[in-house]
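Position 1 is the first residue of the sequence; numbering continues from there. Just so it is clear, the values below take in all heavy atoms, side chains as well, and ignore hydrogens, waters and symmetry mates.
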Amino acid sequence: PNPNPSPNPNPNPNPNPNPNPKVETIADLNADVRTEGGGWGGAKGGEMTALKASQHVVQRSGVIFDADGVVEARLTVALPARGRSICGDWCREILTGTLLDVVSRALLSRALDMSALRAHVLSVEDQAWLRSQLSERGAVAFVKDGAILPRASGASDTPMDAAKAIPFASPPSMAAEFTLPNTGRITGMLIPKGITLIVGGGFHGKSTLLQALQLGVYDHVPDDGREFVVTDPTAVKIRAEDGRCVCGADISPFINNLPLGRDTTNFSSADASGSTSQAANVVEALELGAGTLLIDEDLAATNALVRDLRMQALVAADKEPITPFVERVGTLAGLGVSTVMVIGGTGDYFSVADKVLMMDNYRIADVTARAKEIATQYVQMELPPPPPGNEAVFERCTAGRSVDLRSISELLRQTEGRVTVRRRDSITFGNARQGAGGDVGGRVDGSGEVTLDLGAVEQLVETAQTRAIAGAVELLGTELARAGASARVRDVLQSVLNRMEAEGLDTVSKFGPVGDLAMPRIMELAAALNRLRGVSFRS
């Protein structure tokens with residue numbers, strides 16, 4: 001490829017390069033249509049498929065560039081057959097005709113809008129650079145002025161029609177400016193480290209903003225609307241997950257003094273409640289080094305967020321094992337862990353917040369001063385002083401657990417080493433029958449099948465990432481389990497990701513080179529391991 005392409009000869013250049021030229025070219029040629037007919041002995045197959053990219057920019061195995069500049073594109077062809085007989089002439093037509101047509105129309109520079117491609121690359125470079133500047137500027141996120149945050153629909157990740165959407169505009173008090181390496185000056189809202197609340201009436205855009213922030217850990221394709229919404233790369237979305245399994249988690253900063261003296265410094269449950277699952281999600285994120293927690297009140301356990309004055313008067317403190325997040329969020333901020341929270345039902349966080357932002361008809365305003373004034377006028381909750389050694393408790397729970405790799409090996413043995421991924425939000429261990437599976441979080445059904453539910457892991461954005469996670473779990477339970485019985489969670493998962501970076505995503509594929517994998521973050525890889533029933537951890 002020419003590193004300095006000449007100006008695009010196309011008289012109508014497309015400002016938004018197609019992120020899926022292979023996929024659309026295959027569809028244009030009707031090469032993705034599977035032939036079915038004639039019963040068992042009829043001709044079947046013949047379709048060609050390629051990994052479809054999303055709005056997010058992640059490392060994928062569908063197209064690979066090596067150090068010598070060689071470009072390798074990977075497609076899947078279902079070679080046609082009739083019963084047990086291969087349709088040779090049809091195979092020849094696909095491999096020497098259709099495939100070459102796809103290559104010439106989707107992969108060669110003369111068929112592409114090179115100026116748009118260059119703009120795409122420069123945009124992604126600028127987004128990565130902008131994210132790298134956040135910590136230096138004392139911030140956890142940046143939202144560009146003019147960004148289009150709402151999506152076309154709840155079932156689509158493409159942007160809402162710009163004619164209908166209200167572009168984002170920073171409040172003056174939080175406005176910031178950067179000079180990007182490629183495209184120059186940019187302005188927008190800089191969210192500082194600390195505790196930030198997003199308040200406002202229902203349906204005014206609070207959750208839409210938070211959802212954009214949680215996906216700001218990824219770069220985005222041009223014209224997505226969120227391409228310069230960037231967030232601390234270690235940010236984790238926290239929510240309640242009734243029914244998820246928890247193993248060996250130190251949730252004592254939030255749950256303590258359980259009836260019958262049950263220990264919460266090494267807590268396990270096959271069916272965690274909303275509050276205990278939320279506590280586990282927090283400490284598991286801290287274990288991995290999360291620097292920012294993102295919380296939406298709608299998806300959180302209310303009793304894990306706050307206890308109002310009336311409830312404190314009725315239920316004595318020594319009878320309540322839950323320490324609400326409002327009593328810990330300040331300590332976390334002191335330890336360098338920021339929180340961005342959507343809150344609409346309680347003002348108890350006003351007194352601990354550093355910034356309070358209000359969404360009103362999809363427009364944002366800084367209402368910090370007014371919120372602080374209200375906090376002094378209407379005292380809803382007198383926060384007790386932090387318990388002695390509170391910081392030490394968090395430091396202890398973030399020291400990290402060890403995972404028993406042999407327990408993963410045993411799970412793979414029991415499920416005969418069969419691991420299947422059909423959707424972004426689940427992995428099936430065992431016989432992957434359509435529609436069969438276990439309960440929430442990977443419960444074993446009557447057939448011995450285990451379904452790992454990742455539906456609540458909201459920062460997992462592509463099925464290809466889920467496939468890579470499934471392959472990483474297999475690697476942990478086979479090769480790495482033979483090398484050592486146990487390992488610190490953060491260390492062993494980082495070693496797997498380092499290997500994927502150095503050797504390629506194929507390192508977690510038992511089928512050799514494949515074109516349907518994408519790189520996950522350590523946060524989502526750990527989230528899968530933490531929710532997989534049968535895997536053992538210890539503090």
Side-chain angles (χ1 to χ4, degrees), residues 1-21 53-60 62-71 106-149 157-159 162 165 167-170 174-191 212-235 461-462 501 518-519 521:
N2 183 357
N4 298 297
S6 58
N8 179 31
N10 183 352
N12 296 302
N14 176 12
N16 181 17
N18 175 14
N20 295 293
S54 68
Q55 297 290 103
H56 315 286
V57 179
V58 296
Q59 181 180 337
R60 303 181 182 91
V63 178
I64 297 172
F65 297 80
D66 71 12
D68 297 323
V70 175
V71 181
L107 298 176
L108 300 185
S109 62
R110 64 171 177 265
L112 302 177
D113 185 340
M114 296 304 292
S115 62
L117 176 59
R118 179 176 175 81
H120 179 109
V121 172
L122 296 181
S123 173
V124 172
E125 285 185 352
D126 281 345
Q127 291 174 64
W129 178 88
L130 182 60
R131 188 177 295 102
S132 73
Q133 301 302 299
L134 291 176
S135 182
E136 182 180 319
R137 295 282 288 266
V140 298
F142 175 84
V143 184
K144 178 194 174 204
D145 287 333
I148 302 299
L149 305 185
D157 200 35
T158 57
F168 184 86
S170 172
M174 299 182 68
E177 178 180 321
F178 290 88
T179 301
L180 302 175
N182 297 312
T183 52
R185 179 176 177 270
I186 187 175
T187 62
M189 179 179 74
L190 196 65
I191 299 179
L213 294 176
Q214 75 189 42
L215 296 178
V217 298
Y218 299 105
D219 300 323
H220 290 89
V221 299
D223 289 345
D224 171 80
R226 305 165 298 185
E227 57 265 47
F228 289 100
V229 178
V230 296
T231 306
D232 168 15
T234 69
V461 294
E462 295 189 4
E501 285 281 1
M519 183 71 75
R521 298 192 307 159

What are the two closest heavy atoms between [X] and [Y], and how far apart are they?
X    : Y    : answer
H220 : V57  : C-CG2, 3.9 Å
N182 : E125 : ND2-OE1, 3.0 Å
L134 : V140 : CD1-O, 3.7 Å
V217 : D232 : CG1-O, 3.4 Å
L149 : F168 : CD1-CD1, 4.1 Å
V143 : L213 : CG2-CD2, 3.9 Å

Between atom CE of M114 and atom NE2 of H120, what is the distance when rounded to the nearest 0.5 Å?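 If we round to the nearest 0.5 Å, M114:CE and H120:NE2 are 12.5 Å apart.
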Measuring only between side-chain heavy atoms, which start at C-beta, is [X] closer than 4.5 Å to [Y]?
X    : Y    : answer
W129 : L180 : yes
E227 : K144 : no
Q127 : F228 : yes

Distance-only polar pair, side chains of [X] and [Y], donor-acceptor under 3.5 Å:
X    : Y    : answer
D145 : S170 : no
Q55  : D224 : yes
E462 : S54  : yes

Residues R131, D126: salt bridge by 4.0 Å N-O rule: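 The answer is no: the pair does not qualify as a salt bridge.
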Is the H56 ring parallel, tilted or perpendicular to the Y218 ring (thresholds 30°, 60°)?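 Rings of H56 and Y218: tilted, as their planes differ by 30° to 60°.
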May I have the step-by-step check of side chain to side chain contact (heavy atoms under 4.5 Å, CB included) for M519 and E501, ending in yes or no? CA-CA 9 Å; M519 183 71 75; E501 285 281 1; 3.9 Å; yes
Check step by step if side chain to side chain contact (heavy atoms under 4.5 Å, CB included) holds for L190 and R137. CA-CA 9 Å; L190 196 65; R137 295 282 288 266; 4.1 Å; yes
Evaluation steps, salt bridge (Lys or Arg N to Asp or Glu O under 4.0 Å), between D157 and R226: CA-CA 11 Å; D157 200 35; R226 305 165 298 185; 3.1 Å; yes
Could you walk me through whether V63 and V71 pass the side chain to side chain contact (heavy atoms under 4.5 Å, CB included) check? CA-CA 7 Å; V63 178; V71 181; 3.9 Å; yes
Under the 3.5 angstrom rule, does the side chain of D66 hit a backbone N or O of D68 as a donor-acceptor pair?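 Present.
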